[in-house]
Protein chains: 2
Amino acid sequence: MNKTIKLGVIGLGARGYSLLKDVLLPMSGEELETAAVCDTYADRAERAADEIGRATGKRPFLTTDSDKLLGAGIDAVLISAAWEAHIGLAVAAMRKGICVGLEVGGAYCLEDCFRLVRAFEETGTPCMLLENCCYGKRELMALNMARQGVFGEIVHCSGGYHHDLREEIASGKENRHYRLLNYLNRCCENYPTHELGPIAKLLGVNNGNRMLSLTSTASAARGMHEYCLTHREKGHPLAQAEFLQGDVVTTVIRCAGGQTISLTLDTTLPRAYSRAFTVRGTKGAYFGETDSIFLDGVHNEYDFTPEKLWGNAKDYEERYLDRHWRRYDPKGGHGGMDWLVMSAFLESVRSGKRPPIDVYDAAAYMAITPLSEESILRGGAPVAIPDFTGGRWHRRRDIEEGFWALDLPEGNELLCGE
Amino acid sequence: MNKTIKLGVIGLGARGYSLLKDVLLPMSGEELETAAVCDTYADRAERAADEIGRATGKRPFLTTDSDKLLGAGIDAVLISAAWEAHIGLAVAAMRKGICVGLEVGGAYCLEDCFRLVRAFEETGTPCMLLENCCYGKRELMALNMARQGVFGEIVHCSGGYHHDLREEIASGKENRHYRLLNYLNRCCENYPTHELGPIAKLLGVNNGNRMLSLTSTASAARGMHEYCLTHREKGHPLAQAEFLQGDVVTTVIRCAGGQTISLTLDTTLPRAYSRAFTVRGTKGAYFGETDSIFLDGVHNEYDFTPEKLWGNAKDYEERYLDRHWRRYDPKGGHGGMDWLVMSAFLESVRSGKRPPIDVYDAAAYMAITPLSEESILRGGAPVAIPDFTGGRWHRRRDIEEGFWALDLPEGNELLCGE
């Protein structure tokens, strides 16, 4: 495909709009046109269309009906709508031959994950999960170090979504915010893909490895209730609301290769943002919480101090920084991750090659949500994680191809950005 | 009891000997005499007896037979032998009316934990688990803050024993080191009481709260094997050995009060020491990994930086440091924790009052080991944790008494040390 990619965007709330402003519009030009926008709320679609018109001189097709957007002659679609719309929209797009870039979020039932996989297998239309944390500076550096053997054999990883969302969930805009109903009505690992995405890539999940089973345990739900009691006026519905979503959900995953993954959802208690990305191997470790690298024989038992290990990962950048971060100094949202993930998506649309986080990855990561819900309901019982590849994970090696390859030729203009 | 406490010590390996040198001998005098020592290995007992003779001018009774030590007219016994000897020795001592100070370590079967409880209930002889981390500077400060409501309602805690023991386990002294056989032959949370002890005290376990169930998941066992391959000569038995103990064991515990506890055993991969003690509440948090305190409304979302939050707990010492640390500047092993735990034990022997970490606490904490083994064997299945108090946890409030009391009168000479 050498022509301009005509992209549609479905969902222009906070996430879709920021991707538009920070990434898509700066990338727009001969290779990319944001040709159509859609949101259930007309004002959001209009704000986005205005923004595109201002930035490019060409106002996009605008609709509140996703079917119409998918019929508007686009090559690819970015789905950044509410979580519950993701899989249905992705399947509909694939059936029309429109390449899918799917924003993150967990599934609601396991069967939806299989629908996603079958839609791809029946149509051959690529679908990529836009898990931006797979493109984080430290996540890609750790992947690079792991593949060079610096950590030895990796046996355990951990990470989580540690992000105080209380204000966002209970803000004045609650009837338009998709998270609120999820926090009122569900209790699960509702946002697993940060940091599961980077960890799964590092452990070769769906590529010689797979996730076998999980257990999930939820703490009591106290954070939202206490927040609403003190931050909403008396008599406000939320001040009386009972939230089902436990404050901290701990999920432990076992992999075929013997590795374990510990995932934490932690979004309704006061704290500072962290993904706590951690990689543990027989020769070394990366600790995201303190941005520390520990190497066997180099560092010592009592070095876990501000002076010695804390923040020392930057000393390893010169040697181990991922080539994308080294060459291109990515711009755009979320410290460049959004820029890189969108570049990788558009590159896969252009080349027709398997996207770096494909439909099997998407299904496996998104399945954690309903499986964690089941495990919590069953008192922490272990629950099997399906093999969405149907046994092909033994031989799949996407880690050696495309974006994940160790030594790509230079000169990808799209990756360079403007 | 106003006379000198005559103390026996069983087990004078690394742990017993360091407690003797760093804590017991400096405390010795009119109130304490280490009157008898015992070790299966005569040379260890002799080294200890020599040390005591040198320091005090009075050589203790010396034996390799623990029955003889328990018959030597002692008031109290410190049990710092191999893990597998702990409960049998504690029960035997209680049956002779000898107060027990029990070094930490997990149990081997659940029934042993009940034996410990029944021996106490039948004899009334106090038994204290000497969990020194309950007396850590930050652990006591966090307890103090929690009890003053600084963290709001606590909903989740985590911690672990993150200590690279590879050299210790596989050292030249392996046939005398009790850890080796455990790592070869078991796979479990083999050392749960750091940080479970401090967390359980903070959450009121056995005092209005209790631990209900757990799940445990073990990673593959790679660290020891790789270490032995590279650090032992070819043909050495350990270079061929297969270790059963998984490198990282993640245990998640649910409490009656809705709190969850995440515990990690992490002793056979390269890293620096940490207990990663973490307390999460509706108004604030303590993060041991970065020694950070986060308070709602005071700190901000993106403050998790070296400049802002990392290491800021020291700024709260003036206001919240525990009175023991504030008044006495504890000396002795492990940064003063050993001094404080031993002081608390000797104080309970002297006063005859319930020790601050009593036999019900010991049973509950030590039970985590066989229960984690069962959960791992059953693929991570949730396993019920018995109520060792027989329903008395509803009403028990040791947290308001003795060592844990908020406002003890000053002037405990023993606590002051020399």
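Only this structure's heavy atoms are used, side chains among them; waters, hydrogens and symmetry mates stay out. So you know, we letter chains A, B, ... as the sequences are listed, proteins then strands, and number each from 1.
- Interface check for chain A: of the options Gly258(B), Gly284(B), Gly246(B), Ser274(B), the most heavy-atom pairs under 4.5 Å are formed by Gly258(B).
- Applying a 4.5 Å heavy-atom cutoff, the residues of residues 261-270 of chain B that approach chain A are Ser262(B), Asp266(B), Leu269(B), Pro270(B).
- Your options are Arg166(B), His225(B), Glu153(B), Arg271(B), and the one with the most heavy-atom pairs under 4.5 Å with chain A is Arg271(B).
- The CZ atom of Phe243(A) sits 13.0 Å away from atom SG of Cys187(A), with the distance rounded to the nearest 0.5 Å.
- Interface residue His163(A): only side-chain heavy atoms are found under 4.5 Å from chain B.
- Heavy atoms of His299(B) lying under 4.5 Å from chain A are absent altogether.
- Contact annotation for Ala221(A): neither backbone nor side-chain heavy atoms come within less than 4.5 Å of a heavy atom of chain B.
- In terms of heavy-atom pairs under 4.5 Å with chain A, the best-connected choice from Ser292(B), Ser158(B), Ser219(B), Ser213(B) is Ser219(B).
- In terms of heavy-atom pairs under 4.5 angstrom with chain A, the leader among Phe151(B), Tyr302(B), Trp310(B), Tyr227(B) is Trp310(B).
- The most heavy-atom pairs under 4.5 Å with chain A, out of Thr290(B), Thr230(B), Leu309(B), come from Thr290(B).
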Decide yes or no on salt bridge (Lys or Arg N to Asp or Glu O under 4.0 Å) for Asp338(A) and Arg15(A), but give the supporting numbers first.
CA-CA 11 Å; Asp338(A) 289 350; Arg15(A) 179 63 180 151; 3.0 Å; yes
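- Using a 4.0 Å cut-off between charged nitrogen and carboxylate oxygen, Lys201(B) and Glu139(B) do not count as a salt-bridge pair.
- Using a 4.5 Å cut-off between heavy atoms, Phe287(A) contacts chain B through its side chain alone, with no backbone atom that close.
- Salt bridge annotation for Asp291(B)-Arg138(B): present, with a cationic side-chain nitrogen under 4.0 angstrom from a carboxylate oxygen.
- Contact annotation for residues 375-385 of chain B against chain A (heavy-atom separation below 4.5 Å, listed by residue number): Arg378(B), Gly379(B), Gly380(B), Ala381(B), Pro382(B).
- Note on Ala218(B), Ala272(B), Gly223(B): by heavy-atom pairs under 4.5 Å with chain A, the leading option is Ala272(B).
- Of the two parts of Asp296(A), the backbone and the side chain both hold a non-hydrogen atom closer than 4.5 Å to a non-hydrogen atom of chain B.
- Per-residue heavy-atom pair counts under 4.5 Å with chain B were compared for Gln259(A), Arg280(A), Glu301(A), and the maximum is reached by Arg280(A).
- For a residue to count as touching a neighbouring chain, one of its non-hydrogen atoms must lie under 4.5 Å from one of that chain's; by this rule Glu226(B) touches chain A with the side chain only.
- Per-residue heavy-atom pair counts under 4.5 Å with chain B were compared for Thr215(A), Thr260(A), Leu214(A), Thr282(A), and the maximum is reached by Thr282(A).
- The aromatic ring centroids of Tyr161(B) and His194(B) lie less than 6.0 Å from each other.
- Here the side chain of Asn132(A) pairs no donor or acceptor atom with the backbone of Met337(A) at under 3.5 angstrom.
- Looking at Lys308(B), there are no atoms closer than 4.5 Å to chain A (heavy atoms on both sides), in backbone or side chain.
- Between the CE atom of Met145(A) and the OH atom of Tyr286(A) there is a distance of 10.0 Å, given to the nearest 0.5 Å.
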